[in-house]
There are 2 protein chains.
Amino acid sequence: MPERKPRKDAVRNRAAVLAAADDLFARCESPEAITMADVAAAAGVGKATLFRAFGDRTGLIRALYEARLEPLRNAIAAGEPPLGPAATPLERVPALLDAVLCFKFDNRHLALALEGTGSDSPYQATHYTRWHRTLRDLLEQIPGFADGAADSGFAAHALLAATRADLVEHLVRHEQAEREEARAQLAAFTARVLGVG
Amino acid sequence: MPERKPRKDAVRNRAAVLAAADDLFARCESPEAITMADVAAAAGVGKATLFRAFGDRTGLIRALYEARLEPLRNAIAAGEPPLGPAATPLERVPALLDAVLCFKFDNRHLALALEGTGSDSPYQATHYTRWHRTLRDLLEQIPGFADGAADSGFAAHALLAATRADLVEHLVRHEQAEREEARAQLAAFTARVLGVG
DNA sequence: TGCAAAGCGGACCCCTGGTCCGTATCGTCT
DNA sequence: AGACGATACGGACCAGGGGTCCGCTTTGCA
């Protein structure tokens, strides 16, 4: 089956592009300010190399995002409680939301860039659907959700919506919220939804 | 003080543009597909007229949106219960969220176009801040919010986030949700947040 | 060492938002 | 009514960003 290993200059260039893009997105403010030509120049590479490696602008951003996402994915799939699978739903739901919020907070530039592409809905991204499915399944295991009138699928969407990158960005920039503040607020809201406290 | 009345060909053209844009956005799918030149052509007007009347693309979309928004704004500011000011907070909160959801549902094309401009965060739009303030104030009047650990401001954001246009669009297109289904789900979620039922 | 094949780069295309300026229209003042 | 300044019109024009093409270079295998 295919999967021929790529030439090493290709992997070197790919890495250079990733690094350069990461750097540029990190320091620049609005993600739309940085262009593909910028990234190519910063990586010391031709534009075509960018597009050959990542398809299009969205592909590049997605690649960056996915790379950052990996530790979180692992922690959720096979980590320790309260994030990992061994935790009880009632403690895992807040932990998951908190972890997602932290991730969005720490990677706002990328998250913003990704949600802001406009070309594709954030709701079709594979990482979103994974979070959503996990969250919905957890909610269904909590007494009062499955049997209550509430739809777990919608509740999962609604809870995740509270971690939207542009909301986080707004809280930080225009309401001067600190990281811990945001976490506390989300935790309180989550607790309320879960009927805890 | 200024405010000279505009020439009547100007108002005629403005109306024509508004109508044409409304129509185009309504029938076309992804809002990014329709260009300023399209709108100008459909309205039988030069491109410059568009930009002179609305400033830029975002301005045009905002004008359309605001126009549609007016009935809702009135209903909230001076309508009858449960939406109007005479209602108790506990019935007005769900009513407000339901009304916003319905509005977003019925005007998804515009809402999507507006949130998707990318140039400006949805959280800075004046109508958003109005909804947010109203909602926050209502929540604060509900026992268990002001005195609870939850932050009403964040809770208002979170609740409104459940009505985001792209979420609504996702529910409709990829989860085949009907209007009434979506309303019921949001109502159930809201009730849970409010601690009702 | 030879030689496909894979990869490279930057000139190039295209499309879209936004502007300019000569011309037409409006409205007002006499 | 006629004339004249102000206002608006419109389509040619510009800028710049995403994405592609193709002649040249590098790689890796025999």
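Note on naming: letters A, B, ... go to the chains in the order of the sequence lines (proteins, then strands), and numbering restarts at 1 for each one. This one's a predicted model, so the numbers in the text were calculated from it and none came from an experiment. Basis for what follows: all heavy atoms, side chains included, without hydrogens, waters or symmetry-related copies.
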K.L.:
Where along nucleotides 24-30 of chain D does protein come under 4.0 Å, by heavy atom, of base (B) or sugar-phosphate alone (S), with - for untouched nucleotides?
P.N.:
--BSS--
K.L.:
Quick one: list whatever passes side chain to side chain donor-acceptor pair (under 3.5 Å) with His127(A), sequence neighbours left out.
P.N.:
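Side chain to side chain donor-acceptor pair (under 3.5 Å) list for His127(A), sorted by chain: empty.
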K.L.:
Can you tell me how far C1' of dG18(D) sits from CD of Glu32(B), to the nearest Å?
P.N.:
14 Å
K.L.:
Would you mind reporting whether Phe154(B) and Leu171(A) have side-chain heavy atoms less than 4.5 Å apart?
P.N.:
yes
K.L.:
How long is the line joining CG of Leu50(A) and C1' of dG7(C), in whole Å?
P.N.:
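Result: 14 Å.
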K.L.:
Within a reach of under 6.0 Å around CD of Glu175(B), are more than 12 heavy atoms found that belong to other residues, nucleotides or ligands?
P.N.:
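Buried by this count: over 12 neighbours within 6.0 Å.
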K.L.:
With sequence neighbours excluded, tell me which residues meet salt bridge (charged side-chain N to carboxylate O under 4.0 Å, His left out) with Arg183(B).
P.N.:
Asp98(B), Glu180(B)
K.L.:
Go through residues 35-43 of chain B and report each residue with a non-hydrogen atom lying under 4.0 Å from DNA chain C, sorted by number.
P.N.:
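Heavy-atom cutoff 4.0 Å gives Thr35(B), Met36(B).
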K.L.:
Taking the axis from the first five pairs and the axis from the last five, what angle separates them in the helix from dT1(C)-dA30(D) to dT30(C)-dA1(D), rounded to 10 degrees?
P.N.:
0°
K.L.:
Counting neighbours of CD on Gln124(A) that are heavy atoms of other residues, nucleotides or ligands and sit closer than 6.0 Å, is the number greater than 12?
P.N.:
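It does: Gln124(A) CD has more than 12 such atoms within range.
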K.L.:
Could you tell me whether Tyr65(A) and Phe103(A) have their ring centroids closer than 6.0 angstrom?
P.N.:
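Yes: the rings meet the under 6.0 Å criterion.
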K.L.:
Measure the shortest side-chain to side-chain distance between Pro122(A) and Asp166(B) over non-hydrogen atoms and say whether it is less than 4.5 angstrom.
P.N.:
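Pro122(A) vs Asp166(B): side chains touch.
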K.L.:
Using atom CZ of Arg52(A) as one end and atom P of dG10(C) as the other, report the distance to the nearest whole Å.
P.N.:
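My rounded result for the distance is 12 Å.
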K.L.:
Mind checking salt bridge (charged side-chain N to carboxylate O under 4.0 Å, His left out) for Arg73(B) and listing every partner two or more places apart, or none if nothing turns up?
P.N.:
Glu66(B)
K.L.:
Checking side-chain polar atoms at under 3.5 Å, does Glu169(B) have a donor or acceptor matched by the opposite partner on His109(B)?
P.N.:
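Absent: no donor and acceptor within the cut-off.
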K.L.:
Only pairs at least two apart or in different chains count here, so list each side chain to side chain donor-acceptor pair (under 3.5 Å) that has a residue in residues 8-24 of chain A.
P.N.:
Arg7(A)-Asp9(A), Asp22(A)-Arg68(A), Asp23(A)-Arg27(A)
K.L.:
Hey, can you pull the residues of residues 55-65 of chain B with a non-hydrogen atom under 4.0 angstrom from DNA chain C?
P.N.:
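Within this stretch, Asp56(B), Arg57(B) sit under 4.0 Å of the strand.
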K.L.:
Mind checking side chain to side chain donor-acceptor pair (under 3.5 Å) for Tyr123(B) and listing every partner two or more places apart, or none if nothing turns up?
P.N.:
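For Tyr123(B) the side chain to side chain donor-acceptor pair (under 3.5 Å) partners, ignoring immediate neighbours, are Arg164(B).
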K.L.:
Quick one: Asn13(A) CG to dA6(C) C1', roughly how many Å, whole number?
P.N.:
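Atom CG in Asn13(A) sits about 13 Å away from atom C1' in dA6(C).
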K.L.:
Does the side chain of Tyr128(B) pick up a donor-acceptor pair with the side chain of His170(A) at under 3.5 Å?
P.N.:
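Their side chains do not contain a donor-acceptor pair, so the 3.5 Å distance test is not met.
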K.L.:
When you group the ILVMFWY residues by side-chain heavy-atom contacts below 4.5 Å and let the links chain together, are Leu24(A) and Leu112(A) in the same group?
P.N.:
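Different clusters: Leu112(A) never reaches Leu24(A) through Ile, Leu, Val, Met, Phe, Trp or Tyr contacts under 4.5 Å.
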K.L.:
Between side-chain atoms of residues 32-54 of chain A and protein atoms elsewhere (two or more places apart, or another chain), which donor-acceptor pairs fall under 3.5 Å?
P.N.:
| from | atom 1 | to | atom 2 | distance (Å) |
| --- | --- | --- | --- | --- |
| Thr35(A) | OG1 | Ala37(A) | N | 3.0 |
| Thr35(A) | OG1 | Asp38(A) | N | 3.1 |
| Asp38(A) | OD2 | Thr35(A) | N | 3.0 |

K.L.:
Check the interface with nucleotides 11-14 of chain C: list each N/O to N/O pair with the protein under 3.5 Å, or write none.
P.N.:
none

K.L.:
How would you list, by chain and number, every residue that makes a salt bridge (charged side-chain N to carboxylate O under 4.0 Å, His left out) with Asp56(A), sequence neighbours excluded?
P.N.:
none
